[in-house]
Number of protein chains: 2
Amino acid sequence: MSSIRYAVLSLLAREPLSGYDIKQYMNNRIGPFWKVGSNQVYPELAKLEEEGLVKLQGVEQLTYRPARKLYEITDAGREALVLWTLEPGGAENVRDDFLLKAYNSWLVEPEKMKAQIAEIKKQHEKKLAVYQAKVEELAAQLDPSDRSDPLASSISVVEFGVEYERLYIAWCERLMKKL
Amino acid sequence: MSSIRYAVLSLLAREPLSGYDIKQYMNNRIGPFWKVGSNQVYPELAKLEEEGLVKLQGVEQLTYRPARKLYEITDAGREALVLWTLEPGGAENVRDDFLLKAYNSWLVEPEKMKAQIAEIKKQHEKKLAVYQAKVEELAAQLDPSDRSDPLASSISVVEFGVEYERLYIAWCERLMKKL
DNA sequence: AGCATCATGTAACTTGTTACATGATTGT
DNA sequence: ACAATCATGTAACAAGTTACATGATGCT
């Protein structure tokens with residue numbers, strides 16, 4: 001299963017990157033649908049290289065900095081990624097702590113619960129704004145004549161984020177009204 | 001963080017249950033927003049008992065079966081649960097493998113991708129049906145005169161599930177059209 | 001005969017999170 | 001002076017998954 005392996009390949013399929021870049025991208029760019037730590041990225045890159053799915057393109061060495069190791073995907077890597085993308089997989093569940101908290105609304109004073117809901121609503125509004133900006137940014141760069149522009153896929157994914165946050169916010173509002 | 005601890009308490013706050021029940025409830029009833037294995041439930045119950053948040057209410061022993069240990073929440077447990085519910089917490093991210101697969105749409109043949117999308121769309125439709133049935137079932141039992149009926153909270157959570165699945169399905173449809 | 005359910009639990013393994021370590025540069 | 005950023009990586013821990021073990025009943 002280990003999906004970071006494929007998350008790494010997904011990014012490298014678009015452009016060569018360093019481990020550091022990959023980490024940054026995952027924590028901002030893809031969604032944020034994934035958060036990873038360096039401890040996952042670097043060992044995974046090493047494994048992928050060993051397996052020939054990825055290879056070192058070059059090392060950028062500035063004297064005052066650690067070497068920046070740029071990786072690129074190989075044909076085998078791209079193949080593995082396509083295979084995984086088409087692999088059947090089950091629908092996943094949500095698993096959000098706040099839903100569990102909402103499940104306990106009946107136990108707490110309505111006023112306190114409302115404050116709690118308002119707070120996470122605010123956070124989702126922030127996320128929504130980020131995703132919306134990202135969609136616009138990507139849409140501006142998109143080449144509509146290109147049938148297989150990676151950007152189109154990126155946009156779809158971020159749009160999911162936009163819709164998800166909208167749903168979340170609307171749900172929070174309804175929750176508050178009910179209390 | 002360890003949210004199963006609170007998931008266990010959330011269920012026990014409503015009615016006494018055995019470890020087995022808790023496992024079943026989590027995998028069907030709450031959402032399915034959580035899936036847990038027995039390896040998580042039983043040790044957690046033991047820990048909670050040690051800490052006095054939960055206590056053994058009784059043991060139901062049929063000769064031909066393992067003893068069924070019924071647990072109930074204590075006052076301390078209820079208090080800890082309320083505290084956690086009101087604790088501030090950040091908005092979480094989605095983390096769904098299929099989104100990552102969608103991110104790679106541009107790499108694969110549109111026809112194959114469409115089949116893939118259709119498949120997981122079907123799965124989400126199944127989930128939607130389950131959640132909808134659950135909402136109706138709960139709504140029928142709800143006592144509208146009771147201002148703090150736990151069922152109201154349950155319904156809100158499952159409604160989130162309904163809306164989420166609808167969003168997912170609509171998104172899949174749009175994805176397919178774009179390819 | 002074989003599998004699912006009830007009911008407890010343990011063991012082994014894979015993931016994910018948090019924190020640490022190094023060390024120059026750039027911004028406040 | 002102090003924190004953040006770049007850039008690699010390791011270590012320790014927490015959480016989640018899969019499989020196993022027991023053993024009777026009941027269904028196909």
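Protein chains get the first letters and strands the later ones, always in sequence-line order, with residue 1 at the start of each.
Geometrically, B:Arg14 engages A:Tyr103 in a cation-pi contact, judged by NZ or CZ lying under 6.0 Å from the ring centre and within 45° of the ring axis.
Checking C:dT17, C:dA7, D:dA7 against every side-chain atom of A:Gln40, the shortest atom distance belongs to C:dT17. Distances from the side chain of B:Arg95 to the nucleotides C:dT17, D:dC6, D:dT17 place C:dT17 closest.
Taking a cutoff of 4.0 Å between a charged side-chain nitrogen and a carboxylate oxygen, A:Lys114 and A:Glu111 qualify as a salt bridge. The pair B:Lys112-B:Glu109 counts as a salt bridge, with a side-chain nitrogen and a carboxylate oxygen less than 4.0 angstrom apart. In this structure, B:Lys47 does not pair ionically with B:Glu51, as no charged nitrogen and carboxylate oxygen lie closer than 4.0 Å.
A:Gln123 and A:Glu119 form a side-chain donor-acceptor contact under 3.5 Å, judged by distance and modelled atom types alone.
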Can you tabulate the close N/O pairs, meaning under 3.5 Å, that link protein atoms to atoms of nucleotides 19-27 of chain C?
unit_1 : atom_1 : unit_2  : atom_2 : d
C:dA24 : O4'    : A:Tyr64 : O      : 3.4

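C:dA7 atom P lies 9 Å from atom CD of B:Gln24, rounded to whole Å. Between the CD1 atom of A:Ile4 and the C1' atom of C:dT14 there is a distance of 10 Å, given to the nearest Å. If you take CD of A:Glu44 and P of D:dG9, they are 14 Å apart, rounded to a whole angstrom. Atoms CD (A:Glu60) and P (D:dC6) sit 13 Å apart, rounded to a whole Å. In this entry the distance linking CG of B:Asn27 with C1' of C:dT5 reads 15 Å, nearest Å. Summarising the geometry, the separation between OH on A:Tyr25 and C1' on D:dC6 is reported as 15 Å, rounded to the nearest angstrom. In this structure, the CE atom of B:Met26 is 14 Å from the C1' atom of D:dA15, given to the nearest Å. Atoms CG (A:Leu17) and P (D:dT8) sit 10 Å apart, rounded to a whole Å.
Within the structure, a side-chain polar atom (N or O) of A:Tyr42 is placed less than 4.0 Å from OP1 or OP2 of D:dT8. Listed pair B:Lys69 / C:dG9 meets the phosphate criterion, a side-chain N or O lying under 4.0 Å from OP1 or OP2.
Not less than 6.0 angstrom separates the ring centroid of A:Phe160 from the ring centroid of A:Tyr131.
Across every non-hydrogen atom of B:Leu179 and A:Arg147, the tightest pair is C-NH2, 3.8 Å.
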